[in-house]
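Treat the numbers as computed from the prediction; the structure is a model and nothing was measured. Chain letters run A, B, ... following the sequence lines, proteins first, then strands; residues in each count from 1.
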Amino acid sequence: GENVEQHPSTLSVQEGDSAVIKCTYSDSASNYFPWYKQELGKRPQLIIDIRSNVGEKKDQRIAVTLNKTAKHFSLHITETQPEDSAVYFCAANSGYSTLTFGKGTMLLVSP
Amino acid sequence: GAGVSQSPSNKVTEKGKDVELRCDPISGHTALYWYRQSLGQGLEFLIYFQGNSAPDKSGLPSDRFSAERTGGSVSTLTIQRTQQEDSAVYLCASSLHRTGAGETQYFGPGTRLLVL
């Protein structure tokens with residue numbers, strides 16, 4: 001089955017800096033890679049996703065890159081703000097049905 | 001429209017008791033998933049329902065865990081003879097179709113279970 005590794009487990013940045021979270025996956029058949037943000041005490045919410053037919057996708061301050069050859073994908077947040085503080089999860093589809101999640105990255109943005 | 005809802009939001013029980021957790025998916029969503037999230041941990045897949053097909057139970061940690069989905073809508077996760085290690089947040093998610101096709105999973109608020 002699919003295995004997803006996520007790094008770092010915690011990340012502290014100053015407001016305005018960029019943040020990068022990296023994930024690797026094991027199943028070369030995976031073709032859908034979403035990222036979820038979970039604020040303290042809240043439910044996970046999708047912030048961006050990428051499919052294997054593209055290498056990069058951007059949405060305002062958030063971008064995701066995918067390297068299928070190396071089987072890794074990354075989340076990039078530019079101009080970080082305190083409200084970006086949360087736990088971020090990457091995931092990859094396992095077969096046609098489910099998602100396998102990474103263990104999460106706690107991002108802390110200090111004013 | 002209404003999102004995924006779960007009940008109860010919090011549940012405290014004694015070791016050895018049975019508990020039932022409920023999930024109401026978004027109307028029209030054919031796929032439903034249960035996850036477990038322990039403190040500081042990721043999302044551990046438990047079980048997946050797709051339409052009227054047999055569920056994928058490959059993530060259930062023991063035979064004390066079971067789930068059903070009635071009429072292709074509401075789902076109930078049952079934990080029998082609860083143990084302290086079952087303490088966690090149980091999250092339900094639904095998607096319009098199966099996630100492997102790139103469908104977004106929408107999560108409920110979770111049920112926080114504490115086994116004393």
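- Residue-environment remark: CG (A:Asn53) exceeds the threshold of 12 foreign heavy atoms within 6.0 Å.
- Contact tally against chain A (heavy-atom pairs below 4.5 Å) for B:Tyr35, B:Phe45, B:Tyr106: the top residue is B:Tyr35.
- A 6.0 Å sphere centred on CD of B:Glu85 holds more than 12 heavy atoms belonging to other residues, nucleotides or ligands.
- Crowding of A:Lys103 atom NZ: a count of heavy atoms from other residues, nucleotides or ligands under 6.0 Å not exceeding 12.
- Your options are B:Val89, B:Val4, B:Leu43, and the one with the most heavy-atom pairs under 4.5 Å with chain A is B:Leu43.
- Among the candidates A:Gln38, A:Arg43, A:Gln6, the residue making the largest number of heavy-atom pairs closer than 4.5 Å to chain B is A:Arg43.
- Inter-residue side-chain proximity for A:Leu99 and B:Tyr48 is flagged as unmet; no heavy-atom pair is nearer than 4.5 Å.
- When side chains are defined from C-beta on, B:Gln37 does not count as touching A:Phe101, because their heavy atoms never get closer than 4.5 Å.
- Counting heavy atoms of neighbouring residues, nucleotides and ligands inside a 6.0 Å radius, atom CD of B:Gln83 exceeds 12 of them.
- At a 4.5 Å heavy-atom cutoff, A:Phe33 makes no contact with chain B through either its backbone or its side chain.
- The 12-atom threshold is not exceeded at CD of B:Glu14, counting heavy atoms of other residues, nucleotides or ligands nearer than 6.0 Å.
- Rounding to the nearest 0.5 angstrom, the gap separating the OG1 atom in B:Thr104 from the OH atom in A:Tyr32 is 4.0 Å.
- Open room surrounds CG on A:Leu40; 12 or fewer heavy atoms of other groups in view lie less than 6.0 Å from it.
- Rounding to the nearest 0.5 Å gives a distance of 10.5 Å between CG of A:Asn93 and CD of B:Gln105.
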